[in-house]
Every structure is written in C-alpha cells, then in structure tokens.
Amino acid sequence: MRVSICTKGQILGYFLGAAPVALLTACSNTPATTTDSGTETDTGTSTGTDTTGSMTSTPDPTEDMPTTGPTTTGTTGTTTETGTDTDTDTDGPDPVCGDGNVDAGEECDNGANNGDRAVCTSECKENVCGDGKVGPGEGCDEGPDNGGETCKDDCSVPSCGDGMVDLNEECDDANAEDTDECTNACTSASCGDGFSQMSNMEECDDGAANGDNAMCTPECKANVCGDGFAWIDGGEECDAGKDNGPGKTCLEGCVLNVCGDADVGPGETCDDGNTMADDGCSATCTLEGCGDGEVDPGEECDDALNGDQDDGCTDLCQAPKCGDGFEQASLAEQCDLGAENSNTGACTLECKDAKCGDGFIQENVEQCDDGVGNGDDKACLSLCVTAVCGDGKVHVGVEQCDDGNVNNQDSCTTVCKLASCGDGFMQAGEQCDDGNTDSTDACTNACKPATCGDGFVQQGVEECDDGNANPNDGCLAMCKANKCGDGIINIGVEQCEDGNTNAGDGCSPTCQFEQPNETVTKNALNLAIADDAYNGMPATMTCTTMTVNGGGNGTVKDVTLLIGFTHTFIGDLTIKVLNPAMQVVTLMRSPGVVEANDDANFYVGDSSNANAMFPLFFRDAGTTDAETMGSTLASTDQVVCRDDFQCDYKPNPGKGPGPNLAAFAGSMGAGDWQVCIGDSIGGDTGTLQSVELTVVFNP
C-alpha cells in the first residue's frame with residue numbers, strides 16, 4: 001500500500017505524542033512542500049469551541065497561505081500552539097543523466113536528445129572539439145590526436161584549399177588558382193601539369209599533350225624553329241637547335257638540307273642548286289669530271305691527273321697553292337703538309353719551314369719567338385729561349401743585373417737585383433739584412449741591428465726611441481718612456497715631478513701643479529740680445545713682459561721658467577726674472593766663472609753655445625746646477641741641452657739677487673712679470689726666441 005506524505009506525517013506525529021485532531025487538522029489545512037535537499041515543512045492553524053465534550057474543527061480561510069501553527073479555542077480558554085517541523089532527507093533519489101534536468105555534476109541534459117553526436121553528449125557533457133566525439137559543426141574529432149594529418153585542431157577534416165599542407169598534399173595556398181605555384185589540386189606547379197605558370201618561366205603547358213612534335217615542348221616552351229624539337233605538324237621538317245644552318249643537316253628555317261638546294265650539306269661534295277647530271281655536280285651532289293681532261297664546274301683545271309703537282313694543275317683539278325698538300329717550287333714553298341700546316345708546327349701556314357725568329361713559337365722546340373723583337377736584352381732571347389734570372393743576360397726593364405751565378409754576396413743577387421740593404425742577403429758593410437725595410441724589427445732599414453738610440457722603436461723591446469739621450473723629453477735612456485712619478489721631468493709636458501704619483505702633495509698623479517697656476521707663453525720673439533751691454537741692472541738686459549692674471553688667494557707659491565735662446569757663448573749671459581713688485585731673482589750669472597760682483601766687469605765663463613730649439617728649464621727642483629752649464633761639453637761648437645742632454649736646471653744666481661725662485665713665495669702674483677737676458681762680454685751675439693712662465697698660487 002502506498003502511504004501519502006500526509007499519512008507519513010500523522011504516523012510520525014502519533015509516535016511523537018501529538019493530538020490526533022491537531023494532526024488531522026494540520027494535514028487537511030496545510031500542504032506539504034518537498035525540496036530537492038530532502039527537507040519537509042508542515043504549517044497549519046486550528047480553531048474550535050468545546051461545550052458538550054465534542055470538538056468542532058473550522059478550516060482556516062487562508063489555508064493556501066502559510067501560518068505559524070494551529071490555534072485551539074475552548075470553554076475554559078484559548079490555547080495557541082506554534083511550531084515548525086523540518087525534515088531533511090539525505091537519502092533522496094540520485095541525479096539521473098537524461099532526465100532533462102541539469103543536476104549537480106552535469107554540464108547539460110537534453111533528455112532524450114542527448115547523444116555523442118548531439119549538443120549534449122550521453123554523459124551530459126557539452127560536446128566540444130577535442131572530446132573525441134564528433135559533435136554538431138565538427139567534421140572529425142580525434143581527441144588528443146587532433147592536429148594530425150586526418151583531423152585539424154579545430155575539428156575540421158583536412159582538405160585541399162584550406163591553406164594547410166595535409167597528408168598527400170604537396171602544397172595548399174587556399175585558392176583555386178592553377179597558374180600560381182600551387183594548383184587547385186594542391187600539387188606544386190610543374191611543367192606537364194596542364195597549367196602555364198609564369199613563376200616557372202613556362203610559355204605553355206598542354207599537360208600530357210606536351211611533346212617533341214607538339215605545339216608545347218616537354219620543357220613547356222612554345223615550339224619554335226631552333227629549339228631542337230622538330231614540330232612536324234607545325235610545318236618543320238627538322239630542328240637540330242644550334243646546329244641548324246648552312247652546311248648542316250637541318251638548314252635555317254628548319255628545312256632539311258637536300259641535294260639541289262644549293263647548300264653543300266653533309267655527305268655532299270657539291271650542290272649546284274639542281275639535280276641535273278653532267279654539269280659538274282651530279283644528281284646526287286657529288287663532283288663530276290676531275291681527271292677527265294675537261295674543266296667542269298667546281299674545277300679550276302683538269303690535266304687528266306698526270307701526277308705532276310707543280311705543272312699548274314694538281315691532281316685535285318685545282319691550281320697549286322699553299323695548303324694543298326703538295327710542295328710546289330714554283331710558289332717558293334719550303335714545305336706543305338696540307339691540313340697539318342700550322343704556325344706552331346714544323347711547316348707554317350705560309351708553307352715555310354719553322355725557325356727561330358719567324359715570329360711563330362714552334363711547339364716543343366721554342367720557348368718563345370718575338371720575331372724581330374728577339375734579343376739578348378729582351379724577354380725572348382736570340383735563341384728563342386725565355387729570359388730568366390741567372391742566364392747571364394740582363395732583361396732590360398725587368399732585371400737590374402744578371403751575372404749568371406747564384407752568389408748573393410756579390411753585387412748582383414740571385415733575384416737579379418743590385419745588392420742593397422733590405423734585399424734579404426747580407427753583403428759587405430751590412431751587419432744584418434732581414435729582407436725588409438721595417439726599422440721596428442731587430443734589423444733596421446740601414447741593415448744594422450736595432451739598438452736604443454737609433455731613432456727606431458723596436459717592437460716588443462723598446463717603449464720609445466727618439467734617437468737621443470735627453471732625459472727631459474718623452475723618452476729616457478734605455479728607451480723607456482718618461483712617465484709621471486719617475487723623478488725625471490718631461491719638459492713641456494709635466495709641470496712638476498716629485499718622484500711619485502701621489503695626490504695631495506702639490507704635484508698631481510699626472511705631474512701637474514695641484515695648486516691654482518697660470519702659464520703665460522710667448523714664441524717667435526726674435527729679440528736681439530744687446531751685446532756687451534749688461535752692467536748688473538735689468539734695464540741693460542733684453543726683456544719681455546709676461547702678464548699674469550692671478551689665481552688662488554693671489555700670493556705666489558712657486559715659479560718655473562722655460563726659456564729658448566740662441567747664443568754662441570753662454571758664459572757671457574745672465575738671466576733674471578722680476579715679479580710685478582720688481583723683485584729680482586737671478587737664475588744664471590756667467591756660468592763657468594766665479595764673478596766678484598754682479599756688475600759690468602769682464603768675466604769669461606763657459607764657451608758652449610745655446611740653441612733656441614733646445615730650451616732650458618729652470619725650477620728650484622732642477623737636476624743640474626746652472627753654474628755648471630756646458631761644463632761637460634768637449635768643444636766650443638757644441639750646444640747645451642742638445643749635446644750634453646742637460647736641460648733641467650736649478651737656479652744659481654752667483655753674485656746676483658736670488659737665491660732662487662722660492663724668493664717670490666708670498667708675493668702678489670697678478671700683474672706684469674719680466675723675463676730678461678743680458679750679455680756682459682762683446683764679440684758673441686744671440687736672440688731671445690721663446691719664454692714660458694708658470695706661476696703657482698697658494699689656494
């Protein structure tokens with residue numbers, strides 16, 4: 001027996017102790033609602049009056065509306081009872097794919113319309129490309145194997161024209177054009193496919209109809225005369241391509257060469273344009289009549305083949321001539337080998353015996369032959385032998401010499417050049433010869449071993465080489481570069497040199513003054529030094545003004561001077577510097593003699609010379625005492641700095657004001673400075689050419 005939901009509720013209420021009337025009333029007035037979650041709720045209201053011991057039940061006029069519970073009214077009072085009963089049934093029916101309802105875990109459910117080829121599969125899954133089921137709009141579906149040769153990634157079946165090269169396709173350009181590089185059958189364009197493609201330089205393409213005797217050749221070219229394909233149906237009798245032409249089997253115009261066409265073709269000895277006999281050329285185009293005593297067409301003569309080849313008519317019925325194979329004295333022939341005559345053979349094309357000097361090189365006999373140009377000083381010697389070095393003959397314009405021997409120690413080397421430095425052969429007077437003129441290797445271009453001081457920098461050995469031993473230029477002794485911090489000042493490059501590259505000690509790591517400084521330079525002064533005019537006073541000296549703008553706090557810390565002058569007797573000279581306050585410092589006073597006073601008296605000092613191209617540098621840290629200037633030079637014509645390499649001097653005032661440039665320290669540096677040079681003895685003169693004054697200021 002099926003039990004209704006209401007009956008189930010009454011039974012349950014009975015066991016729970018509920019009043020039968022209330023249970024009945026609740027069942028009659030309240031609908032039951034069941035949700036998918038398994039929860040069941042009953043709601044109802046009852047009202048009654050008990051006067052005789054019986055109960056009357058009145059339905060709620062709002063029975064279709066939910067209430068909060070039953071209400072009971074009696075003679076003794078009114079009782080109201082409110083309650084909510086909720087049942088949760090976790091054992092309800094399982095979701096069913098195919099019932100038309102999309103349950104939990106289902107993507108779709110079209111009921112009876114579900115299917116593996118439908119929008120919703122038999123598994124209640126949306127049918128999509130890649131699930132292995134061929135759904136609506138799909139041509140194929142191989143699941144994870146999509147993208148192969150039988151099914152694309154988008155579940156379409158590969159086909160010609162889809163733009164992708166599939167199995168059995170050579171190409172696929174997604175169009176139906178047959179005249180591009182891919183036909184509409186997805187095959188690569190090729191001659192013979194029946195489509196004319198410009199990309200393949202095809203002029204035509206009749207497919208299987210292409211052929212040697214067709215309008216279109218096997219190479220897809222229009223069949224024309226001269227292409228080597230005989231198009232008989234097109235009116236050609238033959239076609240030998242490049243071999244078409246006169247004397248050939250196939251004439252121009254692709255016409256067969258036949259007897260009687262006036263063209264002597266293969267197998268014919270004549271062709272007079274007809275096929276008549278007895279006219280000198282037979283009906284088969286062979287020569288007629290030589291030897292019959294009659295001069296026939298094509299014959300120059302006919303002496304009945306008498307065997308005399310020099311009687312004016314040879315057995316060829318032709319007049320004698322060079323090249324006919326018969327030597328004729330009447331023609332002054334020395335030889336005649338017929339077709340074998342050659343200007344490189346024993347008999348020339350002029351039927352002369354080959355010989356040296358005829359201008360023709362006889363193979364395997366002569367090396368050369370310039371005819372009248374042969375000679376023992378020419379490229380081809382008089383014996384028709386090519387001139388070579390060592391043959392004892394000097395080839396003019398090519399060889400400098402040729403002594404015919406292999407001795408490289410004499411005046412002519414084995415390469416026929418006059419012996420010289422750089423020829424690779426060491427001759428008398430040479431200390432080396434490496435065969436080049438590179439002076440930077442171990443052997444200079446003077447063929448002397450490279451040494452420090454030769455003026456050439458030997459690679460990998462010397463850092464520099466200026467050809468002198470001057471320690472105050474860029475290259476020191478032993479050919480080492482003058483570098484900042486080596487204690488040797490590079491005059492004109494370094495302002496100072498304290499033997500280190502430390503910063504903060506007054507001389508920077510690049511040997512420049514670290515304090516504010518100013519350099520004033522004058523060149524090309526060409527000021528004459530007044531001869532025998534000096535009396536101890538600056539006014540009697542040749543001076544130049546050096547205007548200094550100033551720097552730092554304005555006071556002087558140090559001063560250096562680079563001065564270039566030319567004079568023939570340095571012992572005559574005095575050099576002074578005056579600051580803007582007219583303070584005088586004497587840098588040099590008649591070097592080489594101890595003067596009694598700084599005056600006009602005659603003091604004979606050192607006799608060495610000075611040259612403005614080798615200026616002298618004065619600084620308090622100089623390496624050479626100015627009083628000893630020129631003392632190491634051996635002769636009076638030698639020049640200080642240039643010949644003794646002494647260019648860096650510290651001042652020595654002698655009896656003049658001094659004692660050195662440090663005397664200017666603390667004075668004001670801005671203004672006009674004076675650099676003066678004077679001459680105290682007559683007979684030697686000179687000029688002041690250049691001055692470079694550097695004033696260093698206190699910070």
Side-chain angles (χ1 to χ4, degrees), residues 422 431-432 434 436-515 517-519 521 523 558-564 610-626 628-630 632-633 638-651 661 689-694 696:
Q431 298 178 20
C432 60
D434 55 4
N436 63 56
T437 57
D438 184 3
S439 291
T440 64
D441 55 13
C443 186
T444 70
N445 60 10
C447 286
K448 296 183 182 298
T451 58
C452 180
D454 58 13
F456 305 114
V457 179
Q458 188 177 0
Q459 293 180 350
V461 178
E462 299 172 340
E463 295 179 1
C464 58
D465 195 323
D466 56 6
N468 65 59
N470 185 353
N472 299 119
D473 57 11
C475 191
L476 305 177
M478 304 303 293
C479 292
K480 300 294 184 182
N482 192 331
K483 300 176 182 178
C484 180
D486 59 10
I488 303 172
I489 193 163
N490 188 354
I491 296 175
V493 177
E494 299 174 346
Q495 290 184 329
C496 56
E497 175 60 79
D498 57 2
N500 64 62
T501 56
N502 298 330
D505 59 359
C507 190
S508 75
T510 59
C511 289
Q512 304 297 309
F513 290 123
E514 293 181 311
Q515 297 82 9
N517 62 89
E518 183 177 347
T519 298
T521 302
N523 293 310
D558 198 0
V559 176
T560 64
L561 176 69
L562 181 64
I563 183 170
N611 190 308
M613 295 181 63
F614 302 91
L616 306 182
F617 191 52
F618 288 92
R619 61 182 183 126
D620 287 347
T623 58
T624 304
D625 190 332
T628 66
M629 186 181 296
T632 61
L633 295 176
Q638 290 185 304
V639 177
V640 295
C641 185
R642 185 193 73 182
D643 298 323
D644 60 3
F645 313 120
Q646 301 298 319
C647 308
D648 182 24
Y649 289 95
K650 60 183 176 182
L661 292 165
Q689 293 292 341
S690 64
V691 176
E692 181 178 286
L693 178 71
T694 299
V696 183

Would you compute the distance between atom [atom1] of [X] and atom [atom2] of [Y] and round it to the nearest 0.5 angstrom?
| X | Y | atom1 | atom2 | answer |
| --- | --- | --- | --- | --- |
| Cys484 | Asn500 | SG | CG | 8.0 Å |
| Met629 | Cys641 | CE | SG | 9.5 Å |
| Lys480 | Glu462 | NZ | CD | 9.0 Å |
| Asn611 | Arg642 | CG | CZ | 6.5 Å |

With a 4.5 Å heavy-atom cut-off, do [X] and [Y] have their side chains touching?
| X | Y | result |
| --- | --- | --- |
| Leu562 | Ile491 | yes |
| Thr560 | Phe617 | yes |
| Leu561 | Val691 | yes |
| Glu463 | Lys483 | yes |
| Val559 | Thr694 | no |
| Ser690 | Ile563 | no |

Pair Gln646-Thr624, side-chain donor/acceptor within less than 3.5 Å: yes
Over all atoms of both residues, closest heavy-atom pair of [X] and [Y]:
| X | Y | value |
| --- | --- | --- |
| Val696 | Gln515 | CG1-CB, 3.7 Å |
| Gln495 | Phe513 | OE1-N, 2.9 Å |
| Cys647 | Pro615 | CB-O, 4.4 Å |
| Asn502 | Asp505 | O-OD1, 3.2 Å |
| Cys464 | Cys479 | O-CB, 2.9 Å |
| Asp438 | Thr440 | OD1-OG1, 2.6 Å |

Report yes or no: does [X] contribute a side-chain atom to a donor-acceptor pair with the main-chain N or O of [Y] at less than 3.5 Å?
| X | Y | result |
| --- | --- | --- |
| Asn482 | Asp473 | yes |
| Glu497 | Gly485 | yes |
| Asn472 | Ile489 | yes |
| Ser439 | Asn445 | yes |
| Gln638 | Asp643 | no |

From CA spacing to verdict: side chain to side chain contact (heavy atoms under 4.5 Å, CB included), Cys511, Asn490: CA-CA 9 Å; Cys511 289; Asn490 188 354; over 6 Å; no
N-O pairing of Lys650 and Asp625 below 4.0 Å: no
Compile the donor-acceptor pairs under 3.5 Å between side chains in residues 447-459 and protein atoms, sequence neighbours left out, one pair per line.
residue, atom, partner, partner atom, Å
Asp454, OD1, Phe456, N, 2.9
Asp454, OD2, Thr451, N, 2.9

